[in-house]
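Working notes for the structure below.
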Amino acid sequence: MKRLFAMLAAAAIAFSVLPAQARAVSTSASCAILMDADSRRILYAQNIHETRLIASITKLMTALVAVEQEPDLDQVVTIQPEWLGSEGSSIYLKAGEQITLKGLLYGLLLQSGNDAAMAIAYFVAGDEASFVELMNQKAWELGMDHSSFANPSGLNHENHYSTAYDMALLACACLENETVAEICATRSITIGSRTFANHNRLLYQYEGCVGMKTGYTERAGRTLVSAARRDGQTLVCVTLNDGNDWKDHKTLLDYGFSTYPSSILCQEGQVFGSVAVSGSLLPAVKVVAVDAVSFPLKDGEELELEVDLTDVVQAPVAEGAVVGTVWWSLNGQAVAHTQLVCAGGAGEDLYQPDSWWDRLWASLRGQAEYGFGAQMI
């Protein structure tokens, strides 16, 4: 049996695919999105599901796949001649050269080397086509339903495209990967004989920027993925075909932080009542939240809280046993949740004597106190 109850909290979430803007804000981009990284709430939307060429922001997927497939970045890669010859930006790899996978990844994300992308693909998967399969598999896992990858670098191809929304999902996944996030946030680094400088100006120009990736081809135009963190809140911004992307990203990030600040819904270990215990001297145990939960909230929004909690648990009960879930929603649409667990344990109210003498004594005591023989165990 479970019990359900709901109450109005002090604030709530207006959560929709296309949010109404709190104040006038616009961009020069063909497509743009601003997303809260933790909750995936969309704070600004402009043609977010329109498929377009994406250029070198592709390399976020290349890096994520590579790190997940080969987490040991100290592996030495020997550059093969057949890996070379990619057009566009380069870190100028040479046949027979040895470089660590770490060096290739920094060259990929900071210097945007297309030759580094190809070397990574061959090293990780054996050939470009097999690596592209891994890229598309990862896109499917992330819910990038309107994306298709044809190469690891982002060069124009009819089967290589994505959307602002899909790229925001990818950016969030990259931020959750500590290795990829660290590389994206690096301003410059020297590895061996090479020094790589990050092309992302926002790292130097915008307070709290934690990097991401730039891109450009003549057909795709300027593409940019950025992320910034302030007061524990992380926002992701994506623009496609935007000739004024640096300014637009600053404007959108400012808009997000000022209009939708992150609000704490509950703390880790916060008590959400108790659950009754059957078969124990302890009548009930406290129930607490597993995680701290926060969500970006605009002034005037109201949140509905619903707790789904088991009525009774049978002893013995282990500390940390899952007994329910707490949800936050608006108009029936769930936007955040965390599990509820027992804050402590509860033993069975049952004496289990160890020796035959203890069992006999328990039996005699039961006859004396209750007029019947205690159960022998």
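This one's a predicted model, so the numbers in the text were calculated from it and none came from an experiment.
For D115, there are no salt bridge (charged side-chain N to carboxylate O under 4.0 Å, His left out) partners two or more places apart in sequence or in a different chain. Partners of H157 under the ring-ring contact (aromatic ring centres under 6.0 Å, His included) rule, at least two apart in sequence or in another chain, do not exist in this structure. With sequence neighbours left out, W140 forms a ring-ring contact (aromatic ring centres under 6.0 Å, His included) with no residue at all. For the ring-ring contact (aromatic ring centres under 6.0 Å, His included) test, no residue two or more places apart in sequence or in another chain qualifies with W246. Scanning for salt bridge (charged side-chain N to carboxylate O under 4.0 Å, His left out) contacts around E50 gives R52, with sequence neighbours left out. The side chain to side chain donor-acceptor pair (under 3.5 Å) check on K102 picks up nothing, with sequence neighbours excluded. Residues that satisfy the side chain to side chain donor-acceptor pair (under 3.5 Å) test with N151, not counting sequence neighbours, are S153. Residues passing the salt bridge (charged side-chain N to carboxylate O under 4.0 Å, His left out) test with E182: none are found, sequence neighbours excluded. Residues satisfying the salt bridge (charged side-chain N to carboxylate O under 4.0 Å, His left out) criterion with E268, sequence neighbours excluded, are absent altogether.
A289 and T338 get closest at one heavy-atom pair: CB-CG2, 4.0 Å. Scanning all heavy atoms of the two residues, the minimum distance from M135 to V65 falls at CA-CG2, 4.0 Å. Heavy atoms only, all atoms of each residue included: A336 and V293 are closest at CB-CG1, 3.8 Å. Contact record, V323 with C342: CG1-SG, 3.7 Å, taken as the closest heavy-atom pair. Here the closest heavy-atom approach between residue L60 and residue C184 is recorded as CD2-SG, 3.8 Å. Of all the heavy atoms in T239 and A32, the pair that sits closest is CG2-CB, 3.9 Å.
The backbone N or O of D254 sits less than 3.5 Å from a side-chain atom of Y206, completing a donor-acceptor pair. Put simply, the side chain of Q233 gets close to the backbone of S262: a donor and an acceptor are under 3.5 Å apart. The main-chain N or O of H146 is found under 3.5 Å from a side-chain atom of D166 such that the two form a donor-acceptor pair. A donor-acceptor contact shorter than 3.5 Å is absent between the side chain of N177 and the backbone of A173. One N or O on the side chain of T62 and one on the backbone of P152 form a donor-acceptor pair closer than 3.5 Å. In this structure, the side chain of Y204 engages the main chain of R187 through a donor-acceptor pair within 3.5 Å. Under a 3.5 Å cut-off, the side chain of T214 and the backbone N or O of L224 do not form any donor-acceptor pair. Side chain of D248 to main chain of S28: a donor-acceptor pair is present (N/O by atom type, distance under 3.5 Å, no hydrogens or angles). For S258 (side chain) and Y255 (main-chain N/O), a donor-acceptor pair under 3.5 Å exists by modelled atom type. A donor-acceptor pair is defined here as one N or O able to donate and one able to accept, closer than 3.5 Å; such a pair exists between the side chain of S280 and the backbone of L282.
Residue pairs meeting the salt bridge (charged side-chain N to carboxylate O under 4.0 Å, His left out) criterion with at least one member in residues 72-97, sequence neighbours excluded, are E97-R194. Listed by first then second residue, pairs satisfying salt bridge (charged side-chain N to carboxylate O under 4.0 Å, His left out) with a partner in residues 201-227 read R222-D245, not counting sequence neighbours. Screening residues 128-148 for salt bridge (charged side-chain N to carboxylate O under 4.0 Å, His left out) gives E68-K138, K138-E141 as the qualifying pairs, with residues at least two apart or on separate chains.
The number of heavy-atom neighbours closer than 6.0 Å to CZ of R230, taken from other residues, nucleotides and ligands shown, is above 12. With a 6.0 Å radius and a threshold of 12 heavy atoms from other residues, nucleotides or ligands, N159 has its CG atom above the threshold.
Counting only heavy atoms from C-beta outward, the side chains of V210 and L175 approach each other to under 4.5 Å. The side-chain heavy atoms of D36 and F295, taken from C-beta on, include no pair separated by under 4.5 Å. You'll find the side chain of L34 reaches within 4.5 Å of the side chain of L253, heavy atoms only. Taking the side chain as every heavy atom from C-beta outward, L340 and V307 approach each other to under 4.5 Å. Two residues are said to be in side-chain contact when any heavy atoms from C-beta on lie closer than 4.5 Å; D299 and Y260 fail this criterion. Two residues are said to be in side-chain contact when any heavy atoms from C-beta on lie closer than 4.5 Å; T163 and I48 fail this criterion. Using a 4.5 Å heavy-atom cutoff, the side chains of V277 and V312 are not in contact. Between S263 and P296 there is no side-chain heavy-atom pair separated by less than 4.5 Å.
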Run S148 and H160 through side-chain hydrogen bond (donor to acceptor under 3.5 Å, both in side chains) and show every step you take.
CA-CA 5 Å; S148 174; H160 194 99; over 6 Å; no

In sequence, state the C-alpha distance, the side-chain angles, and the governing distance for Q339 and T325, and then conclude on side-chain hydrogen bond (donor to acceptor under 3.5 Å, both in side chains).
CA-CA 4 Å; Q339 288 184 321; T325 306; 5.6 Å; no

Does the pair Y165 and M35 meet the rule for a side chain to side chain contact (heavy atoms under 4.5 Å, CB included), with working shown?
CA-CA 9 Å; Y165 176 78; M35 178 181 286; 3.8 Å; yes

What do the steps show when you test T186 against Y106 for side chain to side chain contact (heavy atoms under 4.5 Å, CB included), and what is the final call?
CA-CA 9 Å; T186 301; Y106 274 97; 3.6 Å; yes

Residue pair Y44, V25: steps toward the side chain to side chain contact (heavy atoms under 4.5 Å, CB included) verdict
CA-CA 9 Å; Y44 176 86; V25 61; 3.6 Å; yes

Assess whether side chain to side chain contact (heavy atoms under 4.5 Å, CB included) is satisfied between V271 and V287, documenting all intermediate values.
CA-CA 6 Å; V271 177; V287 172; over 6 Å; no

Verdict with supporting geometry, Q111 and S89, side-chain hydrogen bond (donor to acceptor under 3.5 Å, both in side chains):
CA-CA 8 Å; Q111 206 74 18; S89 56; over 6 Å; no

Could you go through the side-chain hydrogen bond (donor to acceptor under 3.5 Å, both in side chains) check for D127 and S130 one step at a time?
CA-CA 6 Å; D127 57 67; S130 297; 3.0 Å; yes

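Note that CG of L281 and CD of E348 are 11.0 Å apart. Values are rounded to the nearest 0.5 Å. To the nearest 0.5 angstrom, L110 atom CG is 4.0 Å from N198 atom CG.
There is a side-chain donor-acceptor pair under 3.5 Å between S30 and N241.
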